[in-house]
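Taking it in order: structure first as structure tokens, then the write-up.
No hydrogens, no waters, no symmetry mates; every other heavy atom, side chains included, goes into these values. Here is how names work: the chains are called A, B, and so on, in the same order as the sequence lines, proteins then strands, and each is numbered from 1.
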Amino acid sequence: MKGAFLLCARQELLLAVRSRWTQIFAFVFAGLSLAVSASGYALSGGHGIQDFARTSASLVQLVLLLVPLSALLIGVLSLAPERGAAELLFSQPLGRPVILLGQVAGLWAALTAAQAIGFGAAGVVVFSNAGGEGLAGFLVLFAGSSVLTAVFLGIAALLSAGAVGRRRARALALALVVWFIAVVLFDVAALGLASLLRSGTASRVLIVSVLVNPVGALRTGALLALQGTTAFGSASLAFLRFTKGTVGAGLLLGGSLLLWTVVPLALATRRLSRADI
Amino acid sequence: MTRLRLLVAASLLAAAPAFGGTDMAPVQPGQLEGRPAAGESSPLQALVDRAAPGATVEVGPGRYVGDLFLDKPIRLVGRGRPLLVGAGSGSVVRVRGPHVTVEGFDIDGRGGGDLGRDSSGVHVSAPAAAVRGCRIVRCLFGVYLREAPGTVVEDCEITGIPGKDPGEKGSGLHVWNTDGFAFRRNTVVDVRDGFYIQSSSHGEIRGNVARDLRYGIHYMFSDDNVFEDNVFENGAAGGALMYSKRIRFRRNQFLRNRGFASVGLLFKTCDRVVAEANLLADNARGLFIEDSYDNVFRGNVVAASDVALVVYAGCGRNRFEGNSFVANLTPLTLVGRTTDTSFDGNYWSDNPEPDLDGDGRSDRPYRLSSVFDHFRGNLLAADLFSQSFAASAIGAAEETFPVLQEITAVDHAPLARAPALPDVPRRAPRRSAAHGPAVAGSAGILVAGTALLALGRRLPAS
């Protein structure tokens, strides 16, 4: 069983690494994070105002934008079964959940490796210019980025489970819709809802919406880890009071991301087991 | 030898109660500290009392324990940095006569005294005093001017009492009810407020540094003051101007006021103030203005703040012109719906509009506030979304479909190029620590990622 899982993971890792999509993503992500970290200095006039915090805040934006998109697209493209290959694969004497989880693990490893190139390059530029301050926040961001990859791979698995043939295209379109909702629409809706409510309730709605949305959870957690309470001014304190301190905030944010990883994957395995391939 | 003689004189003093009529009665809060009690008197007291009015008294190196009372014109000069150690119950040097000069001393208050009695390193309650080149440590107040017109404090270094809350400390240089004073080239660290000026006009404050405290400079009910070329760093507010009129200030720096709700420069109920060529950099909020009218901000730089300007609705006829707003996360938070503050003719580094006709102004007006900025001004937790794509999306939607609301804060003639910027001073380098491991760790991540991708290509497909 374990052997089969690793075999599937290895196979998927090999396919992902050789895929043009992964290579393009690695290249684009590395290029953009290098540009962000290098221009952080050019824009501040080389005087190093807020060296690390400002630069890494831009890295957070990059992660929030690109990582969900790449995980969803590459996930659906790899996981939605192609007719011939899928028939062969799923006719093997293995449980479908094992195959799926193995594939997701392999994809996750490939995408995390691709992100590591961008993070490593950016880190070398930032730290050699600004000193070693903020290493912990930087590592939190890297870890968060790989967790976000897992979250959206899980959602991609759910979208593409049993999406054979024509339904592949539909899964891809759905992936884009999910990305747009998670990255932009959800927050806009939360802000809109909050504007209709009384101030105290509105604040609670906003804080809960930040915890519920995986993109919002990573943004909040990463910026708090990188910049401390200056990240959102007094709103940080409101948030920390709601979560009863930094430990509570870490648990809630981490729990939200964990649920978002586990639940879609569980649903995906269930759906795949029942699918007719 | 001299010290022995002084000690003898001091004991004689103790035996002669005629010298200090008021010394035995405890001083009530708010009252003036008088001549120190005999046991708390400085050994220099007899020397000073014997000197003729207007004389110069030189004091050699040494440690003199006890408080000193100066009630006539005298020039007290320390040679070789003598140390005056207070008795620990009140002000160390009490100036009660006019034209007193205190120069070249180290003064240690031993953390004693009482805020209600204004216990200070040097407490001046007489006109035309001068305090020069003194180092004052462990005093509640550094130098306190109470009805001391014409007093000058120059080249002093004041360090507060370590480990106390700001509320338990006094100000570095404190002025009350004094018309005309001058502070030049002083350094104030770790006190409540660096310069606190209450009900005092016609002061000038030049070339000082105040850092690691609550407010760098704090005016209350003090009109017609000037401050120039000072640095205010790392406080709850660099400057707080309250209930005052016609203050003029130029070329000051308000830096790195980064704490919770910190502000570079705060205005509350201040009118007809003129601010020119100041630098406000790396503050949580650059400039905060509330309930203030007819103020002019010209040629200042506000850089690297989370919010450059916070303007409350109770403000009117204020004018910003020729300022540079550089690399701020948000240019303006407007609390309330409208403002008649004029923002015309400034440079905004995030203004995307080009200047095609080359007249030095962008071709279209620059909008300072978006719906989201309005929103965050009125709802605390909205800041959690300040760096989200939703906020940018709302801003973009508003630009494209201007039906959402009438935007009230607009620069009608934004500068297309930044005026010459003053140099932002570097923070003292803290980069020696852990520089290597961080770079090595990043390089490790880079290598690991590349290796996995490269290895994956080489591996045979099982």
Side-chain angles (χ1 to χ4, degrees), chain A residues 7 10-11 13-14 17-18 26 43-45 47-50 54 57 60-61 64-65 109-110 113-117 119-124 127-128 130-133 135 138 142 183-184 187-188 190-191 194-195 199 202-203 206-207 210 216 219-220 223 229-230 232-235 237-239, chain B residues 258-261 281-282 284-285 303-304 306-307 326-327 349 372 375-376 378-391 393-394 421 423-427 429-439 441-453 455-457 459 461-462:
Chain A
L7 200 65
R10 181 163 180 265
Q11 181 66 20
L13 174 65
L14 287 188
V17 162
R18 290 171 189 186
L43 291 180
S44 66
H47 290 299
I49 304 172
Q50 265 203 345
R54 195 54 74 84
V60 173
Q61 304 295 344
L64 296 179
L65 203 59
Q115 290 158 21
I117 295 176
F119 271 105
V124 168
F127 291 125
S128 54
E133 231 174 298
L135 178 64
F138 185 77
F142 180 43
V183 172
V184 182
D187 289 350
V188 173
L191 283 168
S195 70
S199 164
S203 284
L206 290 179
I207 289 171
V210 149
R219 182 183 66 234
T220 312
L223 288 175
T229 51
T230 60
F232 311 107
S234 45
L237 299 187
F239 179 76
Chain B
R258 266 275 159 214
F260 162 58
D282 198 7
R285 293 179 287 174
D306 295 350
V307 184
V326 182
S349 67
F372 181 71
F375 201 56
R376 65 194 292 202
N378 292 289
L379 178 58
L380 186 75
D383 269 341
L384 284 174
F385 293 84
S386 59
Q387 303 188 46
S388 73
F389 301 109
I394 291 172
L421 305 179
D423 206 21
V424 179
R426 260 173 188 280
R427 191 200 294 262
R430 276 193 298 172
R431 55 186 47 186
S432 51
H435 171 91
V439 174
S442 307
I445 293 175
L446 172 64
V447 169
T450 319
L452 189 60
L453 283 198
L455 212 76
R457 292 175 65 79
L459 273 180
S462 52

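Taken from CG in B:Leu446 to OG in B:Ser442, the straight-line distance is 9.0 Å, to the nearest 0.5 Å. If you take CZ on B:Phe389 and CG on A:Asp187, they are separated by 10.0 Å, rounding to the nearest 0.5 Å.
Across every non-hydrogen atom of A:Ile117 and B:Gly449, the tightest pair is CG1-C, 3.9 Å.
Relative ring orientation between A:Phe119 and A:Phe142 is described as tilted, the plane-to-plane angle lying within the 30° to 60° band.
When heavy atoms are compared at a cutoff of 4.5 Å, A:Thr220 approaches chain B solely by way of its side chain, counted from C-beta outward. Neither the backbone nor the side chain of B:Ala448 comes within less than 4.5 Å of any heavy atom of chain A. With a threshold of 4.5 angstrom between heavy atoms, A:Leu223 approaches chain B through side-chain atoms but not through N, CA, C or O. Heavy-atom distances place the side chain of A:Ala26, and not its backbone, under 4.5 Å from chain B.
Counting heavy-atom pairs closer than 4.5 Å to chain A, the top residue among B:Leu455, B:Thr450, B:Leu453 is B:Leu453. Of the residues considered (A:Ala109, A:Ala190, A:Ser195, A:Ala122), A:Ser195 shows the highest number of contacts with chain B, using heavy-atom pairs under 4.5 Å.
Between A:Val183 and A:Leu65, the closest side-chain pair of non-hydrogen atoms falls below 4.5 Å.
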